[in-house]
Amino acid sequence: MTLREFLSDRLGRIALQLICIGLAALFLFVTGTQPGVLMLLLLVLLLIFATAQVADFLRQRACLREWEAIWDGLDRKYLFAECVPPPKALYERRLLDLTRRAGQAMTGAVSDAEASRREYREYVEQWVHEIKAPITAARLICRDLDGETRRKLAAELAQVEAHVERALFYARAESPEQDCLLRQVKLEKIAAQALENHRSLLIQSRVQVETAGLDCTVYTDEKWAVFILGQLLQNAARYRGEAPVITISAHPLGKQVRLAVSDNGIGIPAHELSRVFDRGFTGSNGRSRGGSTGMGLYLCRRLSGFLELGLEIASEEGKQTTVTLTFPAKENLTKL
């Protein structure tokens, strides 16, 4: 707090006190007090007034500095009101007490909200694991059907499984640090697993997949990387064009590795490109073709941020879309 701020805050009070001193001096002058005595008395009053203001300013500034030091030293800022020493003035003590009570109420509400969110997350994870059993059973039943029906039903089951997996990763994205293990892994292993997970969709969509340069090693969470790549493959297959081709290629960029997923699909309108990572954004392509939730790329952005992956997208409407993942160097990862 500066002196100017202090004076500005107390301008009305200071003006009133000076007016009272002036009126008192006028009264003494009218009642016949000698000018010399009056000037001396007025000087003493002004000196006492100025000393009191300076002392109050120094006290408040020291108190604020102490509180700011306590704030800077706290890891959990919401405990600030519990850590500051009680002020001497009654009004300030009452105000601090109300602040503490409000903070305790807020802490209780946040704790309840976190508990509810944790329970919901655990329920979703449990539900996902339970729903996989009937999906697997349905896949086994598909084997007894004829070729065309089996392919169609297998593709629909693959879509159901993809939605279930997306729900699981959405729940885990709330606290990703509990389910993340960064280690060395080959890109070709990640790509192979993602392709296997979405094989039915790619076959039904008649998508040709080409790979190049995937013999690179990166440091990431394999399960999350497979999920991110799987979302990109789903989008490429869903928004395919004629004779669809998906190209998965990688090349070193210094100590980093850049993985590009390109397709020759319908592309994304230029005015929508900046919003494709927003939660729930489906765009004109998603609305026209249906089945889009607007969550796939949003989750890719969330998980990429935690994995410290660079995520970029470029597209030309009616021609192609390229999504680039940049895997950081091992020494640059803060979560290893």
Side-chain angles (χ1 to χ4, degrees), residues 117 120-121 124-125 128 159 162-182 185 187 190-191 193-195 197-198 201 218-239 246-250 253 256-263 265-287 289 291-317 320-329 332-336:
R117 187 177 64 178
Y120 178 73
R121 176 178 179 270
V124 170
E125 291 185 0
V128 167
Q159 288 296 309
H163 286 300
V164 168
E165 183 184 33
R166 195 177 296 118
L168 175 62
F169 275 89
Y170 181 78
R172 289 176 174 173
E174 295 296 321
S175 52
E177 65 281 350
Q178 298 181 7
D179 191 52
C180 179
L181 178 61
L182 300 182
V185 61
L187 272 181
I190 294 174
Q193 185 62 53
L195 290 170
N197 291 348
H198 302 284
L201 174 63
V218 296
Y219 288 87
T220 188
D221 183 285
E222 180 180 348
K223 179 170 55 179
W224 288 17
V226 168
F227 172 79
I228 292 173
L229 183 56
Q231 296 305 301
L232 303 182
L233 292 174
Q234 287 186 60
N235 284 349
R238 181 177 294 115
Y239 304 116
I246 300 176
T247 303
I248 307 174
S249 60
L253 189 67
Q256 299 177 332
V257 176
R258 180 164 290 178
L259 177 68
V261 181
S262 303
D263 65 65
I266 60 177
I268 303 170
H271 66 278
E272 297 179 357
L273 200 57
S274 61
R275 300 179 59 195
V276 295
F277 294 113
D278 293 348
R279 182 179 182 273
F281 180 74
T282 57
S284 55
N285 292 336
R287 289 188 291 271
R289 298 209 170 189
S292 175
T293 62
M295 297 300 294
L297 288 179
Y298 165 75
L299 287 175
C300 289
R301 172 67 79 184
R302 284 282 303 271
L303 299 180
S304 295
F306 186 79
L307 295 176
E308 301 179 47
L309 304 179
L311 180 61
E312 299 175 352
I313 187 168
S315 183
E316 189 175 354
E317 189 174 6
Q320 61 85 30
T321 299
T322 299
V323 181
T324 305
L325 286 169
T326 303
F327 292 84
N332 293 335
L333 285 169
T334 61
K335 300 179 178 67
L336 274 178

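We use all heavy atoms of the structure for the numbers below, so side chains are in, but hydrogens, waters and symmetry mates are not. Sequential numbering from 1 along the given sequence is applied to the chain's residues.
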Could you list the donor-acceptor pairs under 3.5 angstrom formed by side chains in residues 276-283, with sequence neighbours left out?
from, atom 1, to, atom 2, distance (Å)
R279, NE, Y170, OH, 3.4
R279, NH2, Y170, OH, 3.2

For the atom pair [atom1] ([X]) and [atom2] ([Y]), what is the distance rounded to the nearest 0.5 Å?
{"X": "W224", "Y": "L181", "atom1": "CH2", "atom2": "CG", "answer": "10.5 Å"}
{"X": "T324", "Y": "L253", "atom1": "OG1", "atom2": "CG", "answer": "10.5 Å"}
{"X": "R275", "Y": "I268", "atom1": "CZ", "atom2": "CD1", "answer": "12.5 Å"}
{"X": "L309", "Y": "L303", "atom1": "CG", "atom2": "CG", "answer": "9.0 Å"}
{"X": "D263", "Y": "R238", "atom1": "CG", "atom2": "CZ", "answer": "12.5 Å"}
{"X": "T326", "Y": "E308", "atom1": "OG1", "atom2": "CD", "answer": "13.0 Å"}

Checking [X] now: which residues fulfil side-chain hydrogen bond (donor to acceptor under 3.5 Å, both in side chains) with it, not counting sequence neighbours?
{"X": "R301", "answer": "none"}
{"X": "S315", "answer": "T321"}
{"X": "T322", "answer": "S262, Q320"}
{"X": "E316", "answer": "K319"}

Listed partners of F227 passing ring pair (Phe, Tyr, Trp, His ring centres under 6.0 Å), at least two apart: F169

Flag the pair [X] / [Y] as yes when at least one side-chain heavy-atom distance between them is below 4.5 Å, and no otherwise.
{"X": "I228", "Y": "L307", "result": "yes"}
{"X": "S249", "Y": "L259", "result": "no"}
{"X": "I248", "Y": "L233", "result": "yes"}
{"X": "I266", "Y": "Y239", "result": "yes"}
{"X": "L325", "Y": "L311", "result": "yes"}

Heavy atoms only: give me the nearest [X]-[Y] pair and the separation to one decimal.
{"X": "L187", "Y": "A250", "result": "CD1-CB, 3.6 Å"}
{"X": "C300", "Y": "Q231", "result": "SG-CB, 3.6 Å"}
{"X": "D221", "Y": "L182", "result": "N-CD2, 3.5 Å"}
{"X": "G230", "Y": "A194", "result": "N-CB, 4.1 Å"}

Report the residues that fulfil side chain to side chain contact (heavy atoms under 4.5 Å, CB included) with [X], sequence neighbours left out, ordered by chain and then residue number.
{"X": "V185", "answer": "K189, I190, V218, T220, E222"}
{"X": "L168", "answer": "E125, V128, R172"}
{"X": "N197", "answer": "Q193, V226"}
{"X": "R302", "answer": "A173, E174, Y298"}

